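Only a predicted model underlies this, so the values are computations on that prediction, with no experimental measurement involved. Each chain gets a letter, A, B and so on, in the order the sequences are listed, and its residues count up from 1. Only this structure's heavy atoms are used, side chains among them; waters, hydrogens and symmetry mates stay out.
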There are 4 protein chains.
Amino acid sequence: MGITERKHQGKRNSRQAIIKAARKVFSQKGFNRATVEEITSQAKLSPGTLYLHFKNKEELYTFLSIAVLKRFSSKIKDIVGCAIPVEEKTERYFDLFMDVYDHDPNILINLFHLQSGEALHHLSDEVMQQLKKYSALAYGSVVSTIKEGIEAGVYINECPMALADIVWGSYAGVVLWVNSKHLLNDQKDFVKSTLKIAFRIILQGMKRK
Amino acid sequence: MGITERKHQGKRNSRQAIIKAARKVFSQKGFNRATVEEITSQAKLSPGTLYLHFKNKEELYTFLSIAVLKRFSSKIKDIVGCAIPVEEKTERYFDLFMDVYDHDPNILINLFHLQSGEALHHLSDEVMQQLKKYSALAYGSVVSTIKEGIEAGVYINECPMALADIVWGSYAGVVLWVNSKHLLNDQKDFVKSTLKIAFRIILQGMKRK
Amino acid sequence: MGITERKHQGKRNSRQAIIKAARKVFSQKGFNRATVEEITSQAKLSPGTLYLHFKNKEELYTFLSIAVLKRFSSKIKDIVGCAIPVEEKTERYFDLFMDVYDHDPNILINLFHLQSGEALHHLSDEVMQQLKKYSALAYGSVVSTIKEGIEAGVYINECPMALADIVWGSYAGVVLWVNSKHLLNDQKDFVKSTLKIAFRIILQGMKRK
Amino acid sequence: MGITERKHQGKRNSRQAIIKAARKVFSQKGFNRATVEEITSQAKLSPGTLYLHFKNKEELYTFLSIAVLKRFSSKIKDIVGCAIPVEEKTERYFDLFMDVYDHDPNILINLFHLQSGEALHHLSDEVMQQLKKYSALAYGSVVSTIKEGIEAGVYINECPMALADIVWGSYAGVVLWVNSKHLLNDQKDFVKSTLKIAFRIILQGMKRK
DNA sequence: AATGAATGAGGCTTCATTCAT
DNA sequence: GATGAATGAAGCCTCATTCAT
């Protein structure tokens, strides 16, 4: 594609190209080892262009995480609102986790890094707000469903937040762990099957005897 | 402590000071944002001193991880060898995980980062060997106990390696997750109680009905 | 020159500025005492710019040497191919040595240092190949001409490689020696006149009686 | 050798050990890449000991050079004073050069580096004086013999200093050149035979026809 | 909107030198 | 006289970011 054509496709296009490239590069290398130069060159753009769309590297990174959280929280809200038994909701949660994983298996690593304190120091207030908002939404929905399950006598009687932490943490931990251990080309299926078992175990373990 | 006293205590001391400071700084900031300057100044030493003890920043980092793995794998081997029922072994594993956590709650973050590929590029062969050795030892022991449990009909009949990944990944994931979510001064007890629940859930879920 | 003008001239310019400054600083201080900071500041650029053009300090250094070798070997090949008597070829060699010296009297010091093992540890394969290639070309041409002279009964019957070593080593040695002994501003003419005598002596001495 | 015994052998011993080790290490690595740590550990001493005998690394380096110059100038003066024909003196010079080379083939590289400006910046006045004194003595003797040869009609009528530069520069240049080109284990004989030819050529070339 | 050359702060690492023992 | 742990200045290099075009 020549420079001329690309220019005519407007700002939207370069933004999408950067987002796509960033997902890939951040996934492969993590936040620190990923360079702006590599991301933009994979997007067939120049470094300066990144800064037309994002305030800095961190905000691009955070943007990717927020995107997942948005997707997540929106879908999870749908489930929470449904008039179906808790156990069926939980099944759907499982599908949702898998869906997110399919959509971008590595983006979860970003969310993790984000909270691990390696990034998050030069974010604008606006982005920070969004991050908190969607994070709270997604997390809150999980908590409320668990609470519902406890009240319904389905799940063990523990602090619902702790249980949500366990679900969420286990999910992310297992993905990261298996990912890093099995650096194969097609690890996606392997991770998914392990995740499937993990979920079954956790849900089984959370059930009141 | 004055210069005089410190010097009197020999090389050992500065090494320990660096290890201690490194544990703290790496935990707080992660590998990349932790600087050699900060680690050594917290140890009340000058930057050059670090290199009397460690080849570079990465090897210091890896050293910390290996130390945990060593501690872990040595204790875990003791448990594996015992002539006690699998379920009792699992109980002891739990104590061991807690013991490691008590000994240095943050060091696990290092192990995780280590495998995430953000570090590990300038390690000497010797250190790399050690890392692999102790990593395999610790992991292998968990796998063999799970296998024993499956054969004894106690645990569900799934790939033991997958189950080990789930145990290990969940543990690390929950620690990281809860740690990063609750950035309080005294989160240790909070994390531990969540971990306790997590273990109970997972063990319960792994049991054959 | 203002920033505006310089930027307008593209990447080429900064490269040339660095090469020019590097020649000067390396000549004055040698490889080790020359600092990247000094080279780039003399080029009115910032340190980072050097690394847009050269992988590291060593490759810049080597580049300068290869440039001379290229110039040298290309011209020397022309002479070798000519259908003229050996003695005339030798005359032209002399002119060539002087030409290289005129073009950059100090660059020979680089070649020397290069082989002395004080540099040459972080070169990329590509640069290393080039260095060897042009080095072999230049040296080989001298050897073949000497061989021709021996066979024609013009020069004494000694190992042609040894004779080439003597010609080359004497040339470089005399330049370095006179340069370092007479640290005057205008030593160029002095060196050249000494070189002229040296060549006359060596050629005379190499003749079969 | 235990610490106790070494201590009883007095200062002289450690000084000699350092000198010996320094000759070796400087020869192998050049001034910059040779480290104080390596020199002293080869001498089975600790770094601090070097500074009991030499003000700094440069002065140790210079000391080695001065030692050669001393040896050189003293022997050369003997030759100058002899009532023998110039041509015979020249023969003896040749033997002397070879003798120095045999005694320490690499020390000449030091002298060269010394003048190339990579060292020589932190010398005490006293050492600087010595360096100049013995340098002038050795060089002056060569010049005076050449002058004698010119006056006797043996050598071509050129500036005697230039001729001395050529002899000296060629010698050092050939050693360095051949040394660096043929990094073999037993290059000493190879260098010597090349030097022999070189001398023959230069002396022959200097003769008046 | 896009470029990409240039920047320069900041980090890692080395190693000659010191000094308390 | 000797030690050797510790120092800390100095150097190389990276890379997120800027800005003139």
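As judged by a 4.0 angstrom heavy-atom cut-off over every strand, B:T35 is placed among residues touching the sugar-phosphate backbone only.
Atom-to-atom, CG of A:N32 to P of E:dG10 comes out at 16 Å; the value is rounded to the nearest Å. The nearest whole Å value for the distance from the CD atom in A:E37 to the C1' atom in F:dT14 is 12 Å. The separation between B:K29 atom NZ and E:dG10 atom C1' is 13 Å, rounded to whole Å. If you take CG of C:L60 and P of F:dC12, they are 11 Å apart, rounded to a whole angstrom. For the pair C:R33 CZ and F:dA9 P, the computed distance is 21 Å after rounding to whole Å. Atom CZ in A:F54 sits roughly 15 Å away from atom C1' in E:dA1 (whole-Å rounding). In this structure, B:L123 atom CG and E:dC12 atom C1' are separated by 15 Å, rounded to whole Å. Counting to the nearest Å, the P atom of E:dG11 and the CZ atom of B:F26 are 14 Å from each other.
In this pair, B:F26 and B:Y61 present their aromatic rings perpendicular. The plane angle is above 60°, beyond the 30 to 60° band.
The side chain of C:S46 contributes an N or O atom lying less than 4.0 Å from OP1 or OP2 of E:dT7. D:Y51 has a side-chain polar atom (N or O) that falls below the 4.0 Å cut-off from OP1 or OP2 of E:dT17.
The two residues D:L50 and D:V36 make their nearest non-hydrogen contact at CD1-CG1, 3.8 Å. Summarising the geometry of C:Q28 relative to C:R33, their closest heavy-atom pair is O-NH2, 4.5 Å, with the distance given to 0.1 Å.
Across all strands shown, F:dG8 is found opposite E:dC15 as a Watson-Crick or G-U wobble partner, with both distances under 3.5 Å. Here E:dA20 sits opposite F:dT3 as a Watson-Crick or G-U wobble pair (both hydrogen-bonding atom distances under 3.5 Å). Judged by Watson-Crick or G-U wobble contacts below 3.5 Å, the nucleotide E:dA1 has no partner.
Comparing B:R15 and C:G48 against DNA chain F, the residue whose closest nucleotide sits nearer the 5' end is B:R15. Comparing A:T49 and D:L50 by the nucleotide of DNA chain E that holds the closest heavy atom to each, the one mapping nearer the 5' end is A:T49.
A:T49 contributes no side-chain N or O that, together with a main-chain N or O of A:L45, makes up a donor-acceptor pair within less than 3.5 Å. Side chain of C:E59 to backbone of C:F54: no donor-acceptor contact under 3.5 angstrom is found. With hydrogens and angles ignored, the 3.5 Å screen pairs a side-chain donor or acceptor of A:K55 with a backbone N or O of A:H122.
Closest contact between the side chain of A:K57 and the listed nucleotides F:dA16, F:dT14, F:dT3 involves F:dA16. Closest to the C:H53 side chain, of the nucleotides E:dA6, F:dC13, F:dA2, is E:dA6. Closest contact between the side chain of A:L52 and the listed nucleotides E:dA2, F:dA16, E:dT17 involves E:dA2. With F:dC12, E:dT13, F:dT18 as the candidates, the nucleotide lying closest to the side chain of C:V36 is F:dC12. The side chain of A:N56 lies closest to F:dT17, out of F:dA6, F:dT17, E:dT7. For B:P47, the listed nucleotide lying nearest its side chain is F:dG8; candidates were F:dG8, F:dC13, E:dT7. Taking every side-chain heavy atom of C:S14 into account, E:dA6 is the closest of F:dA2, E:dA6, F:dA6.
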